[in-house]
Asks: 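Quick one: this structure, given as structure tokens, is what I'll be asking you about.
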Number of protein chains: 2
Amino acid sequence: MSINKVAREAGVSIATVSRVINNTGAVRPSTRERVEAAIATLGYSANRLARNLRTAESRLILVLVPDYSNPFYAGIVRGIDAEAGRRGYHMLLCDTGADPDAQRTYLELLTNRMADGAICLDPDSIQALTGEQTRHLPWVACCEFDAASGVPWVGIDNARAATDAVRFLIERGRRHIAMIGGDERFMYARERRRGYLTALEEAGLTPPPGSPLDTFEPDFDDGYRLTTRLLSASPRCDALFAASDPLAVGAMQAVHDAGLKVPDDIAIIGFDNIPLAAMVRPRLTTVAQPMQRLGENAARLLLEQLNDPELPPAGTLLEHELIVRESA
Amino acid sequence: MSINKVAREAGVSIATVSRVINNTGAVRPSTRERVEAAIATLGYSANRLARNLRTAESRLILVLVPDYSNPFYAGIVRGIDAEAGRRGYHMLLCDTGADPDAQRTYLELLTNRMADGAICLDPDSIQALTGEQTRHLPWVACCEFDAASGVPWVGIDNARAATDAVRFLIERGRRHIAMIGGDERFMYARERRRGYLTALEEAGLTPPPGSPLDTFEPDFDDGYRLTTRLLSASPRCDALFAASDPLAVGAMQAVHDAGLKVPDDIAIIGFDNIPLAAMVRPRLTTVAQPMQRLGENAARLLLEQLNDPELPPAGTLLEHELIVRESA
DNA sequence: CGCTTTATTGTAAACGTTTACATTTAACGC
DNA sequence: GCGTTAAATGTAAACGTTTACAATAAAGCG
């Protein structure tokens, strides 16, 4: 009953105190001063739980990421936080580990009214699982989405991005272009694989034997392992498109350990443009995603939807960019 | 008034509904069933804001990081989340950018009662700034701490860790050992520098000219830049201790570009053992911090303190480990 | 079967706000 | 000054829970 104390201290009613806190309604300057003085001497700070209960909003948004030690997600999360912060929202960050049960548990925070809305970076396959229960909840899908699902989304055109990357390799004269990283659970991986095949097809090329190759985790170790396997299956391979940067860096290492040179013998292109890409030698050519802006747009979309629940669900496609460095 | 609807549907009072939700108190199996059925048909989920208001706890913990695109913090955050999750807490993650104002703003979430406690990874110099206002608030300092401040903390012995690393270099016959990364704002950096100097001193060595060298950001670019400068100032330098892994990787690159070889001409040791360290060639020798366990311990400490506010503030020192790879 | 104990349920207050509405006070025009 | 209007303040209900306490029903005992 803390606002009560302030009211007593200032000799006014709690309504007046509330009015000066939120400066809503009219209050005479002299009483405003008195109230502010009381707040200062008592060190009062309005209880947000009570306020939230009364106003039926938490000003918290739930962010679901499959793995936040992945720098790519870190960039997006930063964008979300920046935009949300500007509008007075905070972020409840949850690592689902791409586990549907975890996701369901965390989504309770939404039905619980502990959060006002959610941004989900989980694989679309997972999103689909919880789809029915969450149809009417305010959330947006980021990076992984199904445009047909009726859920607002933001992302890039993964297929086109992959096609662009592979075309670049073709233009530079490469003819035996392999791909690694096709994890079926992730939409981005399926799309990139599709774009890769499109580019080959339009140039009248076929994937070298063993390509495209699926990964389980799109990380350095898998990149190394798969590339080693690939090189022995396709010795003529002269270029490699990887679905993520760590994968590409692992591949670079495998190529090197096989006694070949990047980019002379094998050109390599990665995906995402995380900081790592600029830290290795040769520097990694890669498809950049606008991570910060992806996050910002997701947050903006969500908050607009919260303001006006009748808003039709929108999709936002952001542009990718091929960053040409040394590896291709 | 949603619990009301459930009560009406089940033909009981709201108290009984509350009892079956929290299964506290006695309720006859038959009525429990009836209530559960009502909950199911109505799709009811208890409003956490209301519950939190009533029980005066939010089951949220505030995590303040200076920069969460830094993989080192990601590891710690993951540990915090794991431990907190096990105990039914969630995480309000805030990126302060090491800005005191931002930190102050975020800490309002604590005084607001929107969060029950906080874990702070910000530089100790920042922590000190807000110290007076937060003395009585429940929080623990992680990695950056001042043992004398009376705030519970968890971290490693940075000075000893640095000494160990430099001793290792000395044992391997290096005599002109430089250090980069001494950012005065961070306790970890000051301590590592101190440890570096200790190791040199006990071996009767002196730092090569220009060493130790301060950084502003402990990242790849600074590592490259400073090392380049260092190499021209101290051509006889044969080893380098860097206060972070990205710094060390930048240094490796600078050494390479100067036409020298790692580790033959210059041995390099980094700090933290983030994934990057195993992805570069030569693989980086580095001092590992138990990131996950640091986070877990911080969370545990905080939650224990929340359970029993009278608990004397404790400090927890975890062990570091020198991971010997190829760069030294 | 009546009395005492215990298990089950209900009533109502409390948590700390915001806000519609009522009331009081000040301001204004004449 | 007086009536009218506007500004400032207060009252009380509401948000959706939990929980102390009261009340009722069931059970046990002689």
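Values below: all heavy atoms of this structure, side chains included; hydrogens, waters and symmetry mates excluded. What you see is a predicted model; the values in this text were computed from it and never measured. Order of the sequence lines sets the chain letters (A, B, ...), proteins ahead of strands, with each chain counted from 1.
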Asks: Please give, in whole Å, the distance from D:dT19 C1' to B:Asn52 CG?
Replies: 16 Å
Asks: Strictly distance-based, threshold 3.5 Å: is any side-chain N or O of A:Glu144 a donor or acceptor partner for the main-chain N or O of A:Pro123?
Replies: no
Asks: Whole Å only: how far is the CD1 atom of B:Ile14 from the P atom of D:dC15?
Replies: 12 Å
Asks: How close or far is atom P of D:dT17 from atom CG of B:Asn47, stated in whole angstroms?
Replies: 5 Å
Asks: Got a donor-acceptor pair under 3.5 Å from the side chain of A:Arg28 to the base of D:dA8?
Replies: no
Asks: Which pairs with one or both residues in residues 74-86 of chain A pass salt bridge (Lys or Arg N to Asp or Glu O under 4.0 Å), sequence neighbours excluded?
Replies: A:Arg78-B:Asp67, A:Arg78-B:Asp95, A:Glu83-A:Arg86, A:Glu83-A:Arg87, A:Glu83-A:Arg300, A:Arg86-A:Glu296
Asks: Heavy atoms from C-beta onward define the side chain here; which of C:dA7, C:dT18, D:dT9 lies closest to that of A:Arg51?
Replies: C:dT18
Asks: Going by atom types alone, do A:Asp116 and A:Ser58 pair a side-chain donor with an acceptor below 3.5 Å?
Replies: yes
Asks: With respect to the side chain of A:Val27, which nucleotide from C:dT18, D:dT9, D:dT18 is positioned closest?
Replies: D:dT9
Asks: So among A:Thr96, A:Leu93, A:Asp122, which one has a side-chain contact (heavy atoms from CB on, under 4.5 Å) with A:Val65?
Replies: A:Leu93
Asks: Quick check for you: among D:dT18, D:dT9, C:dT11, whose closest atom lies nearest to any side-chain atom of B:Ser13?
Replies: C:dT11
Asks: Over how many whole Å does the gap from A:Ile3 atom CD1 to C:dT18 atom P extend?
Replies: 6 Å
Asks: Mind telling me whether B:Phe145 and B:Trp153 have parallel, tilted or perpendicular rings, with 30° and 60° as the class edges?
Replies: parallel
Asks: What is the nucleic acid contact for A:Ser18, judged by heavy atoms within less than 4.0 Å: base, sugar-phosphate only, or nothing?
Replies: base
Asks: What integer distance in Å separates B:Arg59:CZ from D:dT18:P?
Replies: 12 Å
Asks: Just the rounded figure in Å: distance from C1' of D:dT18 to CD1 of B:Ile21.
Replies: 10 Å
Asks: For DNA chain C, whose closest nucleotide is more 5', that of A:Ala15 or that of B:Thr16?
Replies: B:Thr16
Asks: For the pair made of CG in B:Leu49 and P in D:dA14, what is the distance, rounded to whole Å?
Replies: 20 Å
Asks: What is the nucleic acid contact for B:Ala26, judged by heavy atoms within less than 4.0 Å: base, sugar-phosphate only, or nothing?
Replies: base
Asks: Within the pair B:Thr31 and C:dT9, is there a side-chain N or O less than 4.0 Å away from OP1 or OP2?
Replies: yes
Asks: Within the modelled atom types, does a donor on one side and an acceptor on the other bring the side chain of B:Arg48 and the base of D:dG16 under 3.5 Å apart?
Replies: no
Asks: For B:Ile39 and D:dT17, what is the distance between atoms CD1 and C1' respectively, to the nearest whole Å?
Replies: 13 Å
Asks: Going by modelled atom types, is there a donor-acceptor pair between the base of D:dG10 and the side chain of A:Arg19 at under 3.5 Å?
Replies: yes
Asks: Taking for each residue the nucleotide of DNA chain C with the nearest heavy atom, is it B:Leu53 or B:Arg32 whose nucleotide lies nearer the 5' end?
Replies: B:Arg32
